[in-house]
Amino acid sequence: MKLLASPEIWFVCGSQHLYGPGPLQQVAANAQKVAAALAASKQLPLKTVFKALLTTPDEITNVMLEANHDANCAGLILWMHTFSPSKMWIRGLTVLKKPFLHLHTQFNRDLPWSTIDMDFMNLNQAAHGDREAGFIHTRMRLGRKVVVGHWSDPEVHARIGAWQRAVRAWHDWQGSKFVRFGDNMRQVAVTEGDKVATEMKFGFAVNTHGVGDLVAKISDVGIDSKAVEKLCGEYEQLYAVAKPLRRGGARHAELRYSARLELGMAAFLEEGGYKGFTDTFEDLHGLRQLPGMASQRLMGMGYGFGGEGDWKTAALVRLMKVMNAGLPGGTSFMEDTYHRAPTGHQVLGAHMLEICPSIAAGKPSIEIHPLGIGGKEDPVRMVFNAPAGDALNASLVDLGNRFRLIVNEVKAVKTPQLPKLPVARAVWECKPDFKTACAAWIYAGGAHHTGYSYSVTTEMLEDFATIAGIETVVINAGTTLPQLKQDLRNNEIYYHLAQGIKV
Ligand code: MN
């Protein structure tokens, strides 16, 4: 995956000097064992490293400052093996800028009933220390994830793993750049937003280039260049290329043009250090086709993408791709159409062309057909079915005073035959049901563009929203409209006041 970093998570254990040097050595040794177990866990995507046993306000503050400055530290796991009076932590936690998870565990899984004595209880005091820590986190209104359970418990690893995926994606966003080729689709509201607020809140920058800059880069790729030749060969190896598009076919020149689009766009993104992009069919001056397959292929490499200038979705797709790195099941940009049969309402995700091959079930075919809008030549596109299975849609919207992340859990089903719709497609059923989910989505202001994923979970997205300090609206099997509407009203007040409560 393009530009994917593997930062570290620092494991930090809190204690104090009350216990004397012997027990503190024991605490440090135990903490190292816990950190090593997390480091060795296959459920955790990032390396956990034991950083320190902290026993004084100065030690705590220094490690937090160090974490802020270390570009390779993406977040911290905090655990209080013993009591660690939490006023000691105020200064450090005030300056900490990295996400943290509070692991509420205990070194011994079982209490040794027949031998337990006062020394044992004093040493294994997370029930005290972690509650003291939890109080100060809550008192300081710090967003964090709390994970409870023994450190060997696979369920604990799964919770920490989801958080690490969110942390990795957050880390990926910091300082990243997204490019817009052209502006927004004319008159569209949901794809707009405050790019200054975005950079302040999320840490990534969005800037535009006239499509002419891209056209120049594409023109640099000679139509008969070796690179185009090689890429067309790669297409024929990887995909079922339609006969007219193959070498020697009547429309092979159009496949070559699509390869040229891909190479030019890839060069532009590579040189600019971009992690994603948008385009719009209303601004394609100098391009012969809408970049269909080129956008699909670039998404397949890990770039974020949003159509019609939708930079928030482009960034979200990238975020979700980083979250699901290494997991089976992919993530794509998505747009929908409804099936409202009395026997069961479904959603067809297939609106236009730009669906990522990471969600393809089987070998995609490469075809060329008219688009119907945009007034350009027929675009080459990858056609495939997405698999059945659990999935979700997510949308990030700008409400003017804040951002809201909306998530709908869905169940993808087998795709029917669509002989007249030659685009990549997925079909799903919404949770809790179509009518409730769509009403909830619309009340929440969710966009018609989403990030669609088989491997990103609601938990990962909620962990991300906690790190970012933004609102999440989850629409799942437990959603009811009266409660959702009340939550939206409550959130209006909470998020309006939260900054004030924080300081
Ligand atoms: Mn659209």
Side-chain angles (χ1 to χ4, degrees), residues 6-56 59-60 62-64 66-67 70 72-86 88-89 92 96 98-134 137 144-165 167-168:
S6 291
E8 291 174 349
I9 300 295
W10 288 5
F11 189 92
V12 169
C13 182
S15 189
Q16 63 174 333
H17 282 283
L18 181 74
Y19 304 98
L24 277 184
Q25 273 177 9
Q26 187 63 49
V27 165
N30 290 350
Q32 284 177 36
K33 274 188 197 145
V34 175
L38 297 182
S41 172
K42 289 200 167 44
Q43 290 173 275
L44 273 58
L46 298 180
K47 194 174 170 207
T48 306
V49 293
F50 175 76
K51 189 66 188 173
L53 172 66
L54 301 176
T55 54
T56 70
E59 283 173 9
I60 293 164
N62 287 339
V63 166
M64 299 300 152
E66 206 187 320
D70 191 325
N72 200 35
C73 170
L76 296 89
I77 296 174
L78 308 184
W79 170 45
M80 307 303 136
H81 189 301
T82 66
F83 206 71
S84 180
S86 69
M88 296 197 308
W89 290 77
L96 181 65
K98 300 275 168 93
F100 75 91
L101 178 148
H102 182 192
L103 176 59
H104 184 39
T105 192
Q106 189 165 279
F107 186 71
N108 286 64
R109 196 192 65 184
D110 303 336
L111 284 182
W113 301 108
S114 60
T115 58
I116 186 168
D117 58 11
M118 268 304 179
D119 286 345
F120 183 96
M121 281 218 295
N122 283 334
L123 193 67
N124 294 281
Q125 253 191 344
H128 293 205
D130 276 333
R131 291 182 194 202
E132 170 74 357
H137 302 158
R144 78 283 191 189
K145 182 172 193 174
V146 178
V147 175
V148 179
H150 193 254
W151 48 276
S152 64
D153 180 353
E155 207 263 333
V156 165
H157 291 208
R159 300 285 76 74
I160 300 174
W163 174 80
Q164 286 196 356
R165 291 182 175 279
V167 167
R168 189 184 204 178

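Positions are given from 1, in the same order as the sequence printed here. Since we're looking at a predicted model, the values are computed, not measured.
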task: Check A74 against V167 and note the closest heavy-atom contact, atom names and distance.
output: O-CG1, 3.3 Å

field: P154 backbone acceptor or donor facing Q43 side chain under 3.5 Å
entry: yes

task: Can you measure from CG (D130) to OG (S84) and round to the nearest 0.5 angstrom?
output: 9.5 Å

- prompt: Taking side chain as C-beta onward, heavy atoms only, is L38 less than 4.5 Å from F11?
  reply: yes

- request: Could you check if a side-chain atom of H81 sits within less than 4.5 angstrom of a side-chain atom of W79, using non-hydrogen atoms only?
  value: yes

query: From T48 OG1 over to I160 CD1, what is the distance, rounded to the nearest 0.5 angstrom?
result: 7.5 Å

- prompt: Does the pair T115 and F120 meet the rule for a side chain to side chain contact (heavy atoms under 4.5 Å, CB included), with working shown?
  reply: CA-CA 9 Å; T115 58; F120 183 96; over 6 Å; no

query: Would a 4.5 Å heavy-atom cut-off, applied to side chains only, mark Y19 and L123 as touching?
result: no

statement: Rounded to the nearest 0.5 angstrom, the CH2-CG distance for W163 and L44 is 9.5 Å

query: Between K145 (side chain) and R159 (backbone), is there a donor-acceptor pair under 3.5 Å?
result: yes

message: A side-chain contact here means heavy atoms from C-beta on lying under 4.5 Å apart; do M88 and E59 qualify?
response: no

Shortest non-hydrogen contact from K51 toward V12: CB-CG2, 4.1 Å

message: What I'd like to find out is whether the side chain of H137 reaches to under 4.5 Å of the side chain of L78, using heavy atoms alone.
response: yes

- request: Return the minimal non-hydrogen interatomic distance between L53 and A28, and the atom names on each side.
  value: CD2-CB, 3.9 Å

- prompt: Is it true that a side-chain atom of E132 and a backbone atom of S86 form a donor plus acceptor pair closer than 3.5 Å?
  reply: yes

query: Between W89 and G14, what is the shortest heavy-atom contact and its length?
result: CZ2-CA, 3.7 Å

query: Between N30 and Q26, is any side-chain donor less than 3.5 angstrom from a side-chain acceptor?
result: yes

message: Are L103 and V156 packed together at the side-chain level, in the sense that at least one heavy-atom pair is separated by less than 4.5 angstrom?
response: yes

Distance in Å, H157 NE2 paired with W151 CH2, rounded so as to fall on 0.5 Å steps: 8.0 Å

statement: Taken in chain and number order and not counting sequence neighbours, the residues that satisfy ring-ring contact (aromatic ring centres under 6.0 Å, His included) with W10 are none

query: From S152 OG over to K33 NZ, what is the distance, rounded to the nearest 0.5 angstrom?
result: 13.5 Å

message: Rounded to the nearest 0.5 Å, what separates atom OG1 in T55 from atom CD1 in I60?
response: 7.5 Å

message: Working note: L18 + F83, criterion side chain to side chain contact (heavy atoms under 4.5 Å, CB included); need CA distance, chi angles, decisive distance, verdict.
response: CA-CA 9 Å; L18 181 74; F83 206 71; over 6 Å; no

- prompt: Which pair of heavy atoms, one from A133 and one from M80, lies closest together, and at what distance?
  reply: CB-CG, 3.7 Å

message: Minimum heavy-atom separation for A126 and H104, please, with both atom names.
response: O-CE1, 3.5 Å

task: Given side chain to side chain contact (heavy atoms under 4.5 Å, CB included), test H17 with T56 step by step and report yes or no.
output: CA-CA 8 Å; H17 282 283; T56 70; 4.2 Å; yes

message: Within the structure provided, determine whether L101 and Q164 are in side-chain contact (heavy-atom separation under 4.5 Å).
response: no

query: Mind checking whether L76 and L96 have side chains closer than 4.5 Å, heavy atoms only?
result: yes

